[in-house]
Participant: 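Would you mind keeping the following structure in view while I ask a few things?
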2 protein chains.
Amino acid sequence: MRGVERLSAREAQRRDSWRALQAAAVDLVGRRGFAAVTVDDIAAAAGVSRRTFFNHFPTKAAALFDPDPDDAARLSGLLAAADGATDPWMALGAVCREYLTTHTATLAVRRRLTADPELAAYQQDAYRHIQTALDGWVRREYADPLAAALAAATTGAVLGAAFRAWDPDDPPDRFLDLVTRGFTLVRVSPGRAPGRAPGRR
Amino acid sequence: MRGVERLSAREAQRRDSWRALQAAAVDLVGRRGFAAVTVDDIAAAAGVSRRTFFNHFPTKAAALFDPDPDDAARLSGLLAAADGATDPWMALGAVCREYLTTHTATLAVRRRLTADPELAAYQQDAYRHIQTALDGWVRREYADPLAAALAAATTGAVLGAAFRAWDPDDPPDRFLDLVTRGFTLVRVSPGRAPGRAPGRR
DNA sequence: CTCTTCGTTGCACTCAGTGCAGTAAATGAC
DNA sequence: GTCATTTACTGCACTGAGTGCAACGAAGAG
C-alpha cells in the first residue's frame with residue numbers, strides 16, 4: 001500500500017509521460033470529441049512526441065481508458081481475495097463495487113465521454129483489461145465452463161448497463177447503487193460441472 | 001417470404017456487389033487472418049474498386065459481419081412478434097434461438113473467424129446491428145430502464161459466451177443448445193417500474 | 001429522345017499505427 | 001572518477017483504413 005516505493009529517475013520519467021498523455025487525452029477528447037482529436041494533438045498537449053504516445057499506448061482509445069498500473073494491480077488483488085467464494089456471482093458484484101469506489105473522481109468524466117456515440121464503440125476495447133482479469137478468476141471459480149464465460153461476459157454487461165443508465169450529473173454513489181441493483185436484477189447461477197460433483201467445489 | 005420481389009437492374013447490381021464483397025471478405029480472412037487481408041485485397045477479389053467497398057461497408061469488419069438486409073428485417077419481425085410477452089427475458093431467448101436457426105450455415109465460418117484473437121476485438125462492433133434492434137424492443141418491454149438496459153446487454157453477453165464456448169467442429173445444434181442453457185443459467189428479472197404498477201404491464 | 005438518378009470509379013487527402021535507426025541521459029560495473 | 005549498458009524519447013518513412021469530391025456511364029422516368 002502507498003506503493004510509492006521510491007522510483008528511479010527513469011521510472012518517474014516514464015510515469016510522468018504516461019500521466020501527462022492520459023490527462024491530455026481525457027481533457028482534449030472531453031472538450032472536442034473523440035474524432036476531432038488526433039494523436040498528434042494529444043502528444044503535443046502532453047509535451048512529448050507523437051512516437052512517444054505509441055510507446056505508452058497501443059491505440060488512441062487506450063490513452064483514455066487504460067488503467068493506471070496501480071489500479072490494475074488492485075483489481076487483481078481484490079479478485080484474488082475473493083477466491084473460493086461460496087457465491088461467486090455475488091462475490092463478483094462485491095469486487096466490482098469495491099474496485100469502483102476508488103474511481104469516483106474519474107467516473108463522471110468518463111461517463112460523459114461515452115455519451116459521445118462514436119466513443120461508445122471504443123468502450124468495449126477500452127475496458128478489455130477488466131475483462132481479462134475477470135476471465136482468469138472466473139475460470140477458476142466456476143466449474144462449468146459455460147457458466148464461467150457467462151459470468152465474465154454478464155459482469156461486463158451489468159457494469160456497462162449501469163454506466164449508461166447513470167446520469168453523470170448525479171453523484172457517483174448513484175452509479176454504485178445501479179451496479180448493486182444490476183447484480184441483483186441479473187443472476188448467473190453457477191451451473192453444473194459436466195464431469196464433477198454438482199453443487200460443491 | 002421468398003422475398004424476391006423482382007428487383008430492378010440497379011438493385012440487383014448493388015446486391016451482387018454487396019454479396020461478392022462479403023463472400024470475398026469471409027473467404028480471404030478465413031484463410032489468411034484479419035490483419036493479413038487489406039480492403040484492396042477484398043475489393044480486388046470481388047471484382048470491384050476499393051472505393052466501392054466503402055460504398056457498401058463502413059469498415060473492414062463490417063464486411064465480415066454486417067447482416068444481409070433480409071436477415072435484419074427478419075430479426076425486426078421476430079422481435080415485433082414478441083411484443084407484449086409475459087416473460088420478456090425468455091421471449092428474448094426464444095427470438096434469438098429462432099433467429100439463429102436460419103444461420104447455421106455461416107455459424108461455423110464466423111466462429112472460426114473469432115478464434116483469431118485479433119478478430120475477437122471486432123465482434124462487439126460487428127454485431128452492433130443486433131444490439132440496436134434489441135435496444136429498441138427492450139425499451140418497450142421493460143418498464144424499468146435499468147432492467148431494459150440490462151436485458152439488452154445481457155442478451156449480448158449470453159450470445160457471445162455461448163458462441164465462444166461452442167466448438168465449431170460440433171454441429172450448429174450444439175450452439176443452439178448452449179444458447180438455450182445460457183438463457184436459463186442467466187436470469188434478468190423485469191425489475192420494477194419506478195413510476196408504474198409493479199408486476200403487471 | 002431527354003433529363004434525372006445512382007452505382008461505380010479514380011484521385012487526393014487525413015490520420016492511426018509500425019519498424020527502424022539514432023540521441024541523450026540514467027544506471028551499473030570497475 | 002571512467003566506461004559500457006540500458007532505456008525513454010525522438011524523427012523519419014512506410015502501410016493501410018477511411019473520407020470528400022468530381023466524374024463517367026448505364027438504368028429509369030417523362
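As the structure is a computational prediction, the values presented were derived from the model and not from experiment. Protein chains get the first letters and strands the later ones, always in sequence-line order, with residue 1 at the start of each.
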Participant: Could you check how far CZ of B/F54 sits from C1' of C/dC13, rounded to whole Å?
Facilitator: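 To the nearest whole Å, that distance equals 14 Å.
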
Participant: Is any side-chain heavy atom of B/V48 less than 4.5 Å from a side-chain heavy atom of B/F53?
Facilitator: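 SC-SC contact between B/V48 and B/F53 ruled out.
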
Participant: If you look only at pairs with a residue in residues 147-175 of chain A, which of them pass as a side-chain hydrogen bond (donor to acceptor under 3.5 Å, both in side chains), with sequence neighbours excluded?
Facilitator: A/R112-A/D169

Participant: Looking at residues 19-36 of chain B, who's got a heavy atom less than 4.0 Å off DNA chain C?
Facilitator: none

Participant: Between atom CG in B/N55 and atom C1' in C/dG10, what is the gap in whole Å?
Facilitator: 12 Å

Participant: Find the bend of the helix from C/dC1-D/dG30 to C/dC30-D/dG1 as the angle between its two terminal axes (five pairs each), to the nearest 10°.
Facilitator: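 Here the helix ends are tilted 20° relative to one another.
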
Participant: From A/I130 CD1 over to A/C96 SG, what is the distance, rounded to the nearest 0.5 angstrom?
Facilitator: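 Spacing of CD1 (A/I130) from SG (A/C96) equals 7.5 Å.
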
Participant: Show every ring pair (Phe, Tyr, Trp, His ring centres under 6.0 Å) that has at least one partner inside residues 58-87 of chain B, sequence neighbours left out.
Facilitator: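 Every ring pair (Phe, Tyr, Trp, His ring centres under 6.0 Å) pair that includes a residue of residues 58-87 of chain B, provided the two are not neighbours, is B/F65-B/Y127.
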
Participant: For nucleotides 27-30 of chain C, list the nitrogen or oxygen atoms of the protein found under 3.5 Å from its nitrogen or oxygen atoms, one pair per line.
Facilitator:
residue, atom, partner, partner atom, Å
C/dT27, OP1, A/A9, N, 2.8

Participant: Taking atom P of C/dG17 as reference, at what distance in whole Å does atom CD1 of A/I42 sit?
Facilitator: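 Rounded to whole Å, this separation is 10 Å.
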
Participant: Restricting to side chain to side chain contact (heavy atoms under 4.5 Å, CB included), what partner residues turn up for B/S49, sequence neighbours left out?
Facilitator: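 Applying side chain to side chain contact (heavy atoms under 4.5 Å, CB included) to B/S49 gives B/R51, B/T52.
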
Participant: Within the structure, does a side-chain N or O atom of B/H56 lie under 4.0 Å from either OP1 or OP2 of C/dG7?
Facilitator: no

Participant: Report the C-alpha separation of B/L134 and B/L75 in whole Å, then their side-chain angles, then the decisive distance to 0.1 Å, and conclude whether the side chain to side chain contact (heavy atoms under 4.5 Å, CB included) test is met.
Facilitator: CA-CA 9 Å; B/L134 290 181; B/L75 177 57; 5.6 Å; no

Participant: Is the closest side-chain heavy-atom distance between A/F57 and A/L64 below 4.5 Å?
Facilitator: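 A side-chain contact under 4.5 Å is absent here.
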
Participant: Could you check B/F34 against B/K60 for side chain to side chain contact (heavy atoms under 4.5 Å, CB included), going step by step and ending with a plain yes or no?
Facilitator: CA-CA 9 Å; B/F34 187 75; B/K60 187 165 72 160; 3.3 Å; yes

Participant: Sequence neighbours left out, what pairs pass side-chain hydrogen bond (donor to acceptor under 3.5 Å, both in side chains) with at least one residue falling in residues 25-38 of chain A?
Facilitator: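 Qualifying pairs, neighbours excluded: A/D27-A/R31, A/R32-A/D41, A/T38-A/D41.
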
Participant: Between B/D66 and B/W18, does any side-chain donor sit less than 3.5 Å from a side-chain acceptor?
Facilitator: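 Absent: no donor and acceptor within the cut-off.
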
Participant: Can you give the first and last nucleotides of DNA chain D, 5' to 3', that have an atom under 4.0 Å from a heavy atom of chain A?
Facilitator: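 Boundary nucleotides touching chain A, in 5' to 3' order, are D/dT6 to D/dC12.
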
Participant: Working to the nearest 0.5 angstrom, can you tell me the gap between A/T102 OG1 and A/L100 CG?
Facilitator: 7.5 Å

Participant: Check the interface with nucleotides 19-23 of chain C: list each N/O to N/O pair with the protein under 3.5 Å, or write none.
Facilitator:
residue, atom, partner, partner atom, Å
C/dG19, N7, A/R51, NH2, 2.8
C/dG19, O6, A/R51, NE, 2.5

Participant: Looking at residues at least two apart in the chain, or sitting in another chain, which of them share a salt bridge (Lys or Arg N to Asp or Glu O under 4.0 Å) with A/D68?
Facilitator: A/R19

Participant: Do the side-chain N or O atoms of B/T52 get closer than 4.0 angstrom to the phosphate oxygens (OP1, OP2) of C/dG7?
Facilitator: no

Participant: Under the side chain to side chain contact (heavy atoms under 4.5 Å, CB included) criterion, do B/F163 and B/L178 qualify, and how do the steps go?
Facilitator: CA-CA 8 Å; B/F163 200 49; B/L178 287 172; over 6 Å; no

Participant: With a 4.5 Å cut-off on side-chain heavy atoms, are A/P88 and A/W137 touching?
Facilitator: yes

Participant: Starting at atom CZ of B/F57, determine the distance to atom P of C/dT8, rounded to an integer number of angstrom.
Facilitator: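 So the two atoms are 11 Å apart, to the nearest Å.
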
Participant: Send over the distance from B/R50 CZ to C/dT9 P, rounded to a whole Å.
Facilitator: 13 Å

Participant: Is there any salt bridge (charged side-chain N to carboxylate O under 4.0 Å, His left out) pair reaching into residues 85-107 of chain B, and which pairs are they, with sequence neighbours excluded?
Facilitator: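 Salt bridge (charged side-chain N to carboxylate O under 4.0 Å, His left out) check on residues 85-107 of chain B returns B/D87-B/R187.
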
Participant: Sequence neighbours excluded and cut-off under 3.5 Å, please list the side-chain donor-acceptor pairs for residues 145-153 of chain A, or say none.
Facilitator:
none

Participant: Measure from CZ on B/R15 to C1' on C/dC6 and round the result to the nearest Å.
Facilitator: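 Taking atom C1' of C/dC6 as the reference, CZ of B/R15 is at 18 Å.
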
